[in-house]
K.L.:
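Please find one structure pasted underneath; my questions will follow.
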Amino acid sequence: MSEENLYTFENEGYRKTYWHTCSHVLAQAMKRLHPEVKLAIGPSIDNGFYYDFDTPEPFTEGQLEELEAEMRKICKEKLKLERFELPRAEAIAFMEEKGEPFKVELIHDLPEDAVISFYKQGEFTDLCAGPHLDSTGRIKGNAIKLTACNAAYWRGDSSRETLQRIYGIAFPKKDELDEYLAKIEEAKKRDHRRLGKELGLFMLRDEGPGFPFFLPKGMTLKNTLLDYWRKVHKKYGYVEISTPIMLDRQLWERSGHWDHYKNNMYTTVIDEVDFAVKPMNCPGGMLVYASEPHSYRELPLRVGEIGLVHRHELSGALHGLFRVRCFNQDDAHVFMTREQMQDVIQETVRLFDEVYSTFGLSYTIELSTMPEDHIGTVEEWERNQDILKAAITAMGKDFVINEGDGAFYGPKLDFHLADSLGRTWQCGTIQLDSQLPERFELEYTGEDGQKHRPVMIHRVVLGSIERFIGVITEHFAGAFPAWLAPVQVKVLPVTDRAEGYAETVSAQLDALGFRVEVDGRNEKIGKKIREATLEKVPYMLVVGDRDIENGTVSVRHRSGEDLGAMSLDQFAALLGDEVKEMTIK
RNA sequence: GCUGAUGUGGCUCAAUGGCAGAGCAUCUCACUCGUAAUGAGAAGGUUGUGGGUUCGAUUCCCACCAUCAGCUCCA
């Protein structure tokens, strides 16, 4: 990398430094306008920066503008940022004198041998490891935007003080800021909650917070997605089962879910016995495996389940289809011998590759390691983590480590999908587990005639069908590819003389397996086209007197492209080709 | 769950301490029309729920519910 490149905004290190200095400018502006406010912390983040403040009164969005104005002033003042260090005791005394209790706490918690540094700009000094720009004059004042103010807990701990977090974004050029804000607007237009309503996919009601209702179009989408899922899984050798939604509490105690997950589980009593609604499908899957003896010849045994699970999520965490209290996992458990682990993991990653590429979604992989709350020995965990690493490394794939974020029973690979706006969503996961087979005493008979314990993976590709529908709704901005679109073709008669013809065309396409509707309303063709386009139906077939006479359909794509008149056979071949590309034989 | 904001016909949004309005959608009628909105009319609301203040509350106050932005958590 050239020296010069280090100072461009595309350079992540420079960008973060720029935003970090912005956060100091924000804190300085806050102190100037509201000296009574206490400072917490103010880092840069992936998309800008924030600063947490302890304010006597909650901050409101209306107050952001005066802060921005003060920030612009500070930039104009071109204040030099100067770094200095203090010994621990002096550093504490310094912040105590300034009346900054959060800073004092931070210094107290720094390791014994830590260098304690400060950055000073004009009258403002902050505890900070740096680095920073050399002057507030480096920041383009009119390309700063404070985007939100919200609550956040001190140190992310819900038992501690609630602070006011102010978020901001900044760029070296005003154009770049405008471009960024336009992108945010675009994301809002794609919001799956809005599109879900506009396109009639799903709804949420006060009567069932976090429990989505699927409407006819959304149900078609969901079923199409599941048809595809089943075809792919069949190709990879999976069988499918379905296990009960509610099972005896003792089963959950045995699986460990009761100990580790009971706060999120819905429970009930049936004939004086405690039952729990499943938050995961695994225990049911264990019972199915354990219900009959198995031979090594059957392994790896791939058992899929579209399982409806319920989890009691905090009310404030609910968010459209992204975070719900009941959803379908495209779950599967693969039982195998230890020797098969690496192959099975790689085969699973290949399946993931096939599915994600179908939707044009790229991904990054995270390896989540042993959490504090876990079962099994450290040695077992490390062994399993190494197998996961080896499997993906051998496939030439990169990963980052997400320390301590594994499932309680084993380490996992998480697949974070990037959508068309570059936002990421965790969907797929492959979790390696040697604990549940132990707890459920699963066995298979080996070549040697002896009983052995299998190991297993838990895996989901789409994750939650509901969340995945939310993700692809935003990814495609509601304009689903033809194979997925709830309605693939809309036949639009120009006048009611063409209605009979339109019905015939529709019936023929329907017989070929296409999803087709006729707009037979007494409206002008322009209006029908407008509405079908807004519904994002891939193809419109305009049919009028000319078409009746020539036996054609006039094809228009939702993009606005006029494909002209063609025979119905020609159109069916065209659509058939488009749809075939994306589906499995 | 926590902090803040919000809640008005199916949808998007007005308005007001004194009879709650518009556009779209719906229904009826007319028009029969060739590539992004034809016209006219009708119907549709206990203003999230429950209390309180007031002569009078949709408006002000309280509680609850839900939603939104975050925090925490997560598929």
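The sequence lines fix the lettering, A, B, ..., with proteins before strands; numbering per chain opens at 1.
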K.L.:
Considering only heavy atoms from C-beta outward, does the side chain of K145(A) approach that of Y180(A) to under 4.5 Å?
P.N.:
no

K.L.:
When the P atoms of U47(B) and G51(B) are compared, how many Å lie between them, rounded to an integer?
P.N.:
14 Å

K.L.:
Could you list all N or O pairs between the protein and nucleotides 45-49 of chain B that sit under 3.5 Å apart?
P.N.:
none

K.L.:
Over 60° means perpendicular and under 30° means parallel, so tell me whether Y539(A) and F571(A) are parallel, tilted or perpendicular.
P.N.:
perpendicular

K.L.:
Counting heavy atoms not belonging to K262(A), are there more than 12 under 6.0 Å from its NZ?
P.N.:
yes

K.L.:
Counting only heavy atoms and a strict 4.0 angstrom limit, can you tell me which residues of residues 547-558 of chain A come near RNA chain B?
P.N.:
D547(A), S554(A), R556(A)

K.L.:
Under 4.5 Å between any side-chain heavy atoms of C427(A) and L462(A), yes or no?
P.N.:
no

K.L.:
Report yes if some heavy atom in the side chain of W425(A) is under 4.5 Å from a heavy atom in the side chain of F322(A); otherwise report no.
P.N.:
yes

K.L.:
Which whole number of Å gives the distance between the C1' atom of C65(B) and that of C29(B)?
P.N.:
44 Å

K.L.:
For R497(A) and D191(A), take the nucleotide of RNA chain B holding the closest heavy atom to each; which residue's nucleotide lies nearer the 5' end?
P.N.:
R497(A)

K.L.:
How far does the C1' atom of G7(B) sit from the matching atom of A75(B), given to the nearest Å?
P.N.:
30 Å

K.L.:
Could you encode protein contacts along nucleotides 70-75 of chain B as a string, one character per nucleotide from 5' to 3', using B for base contact, S for sugar-phosphate-only contact and - for no contact, with a heavy-atom cut-off of under 4.0 Å?
P.N.:
BBBBBB

K.L.:
In the strands shown, is U38(B) matched to any nucleotide by a Watson-Crick or G-U wobble pair with both distances under 3.5 Å, and which?
P.N.:
A30(B)

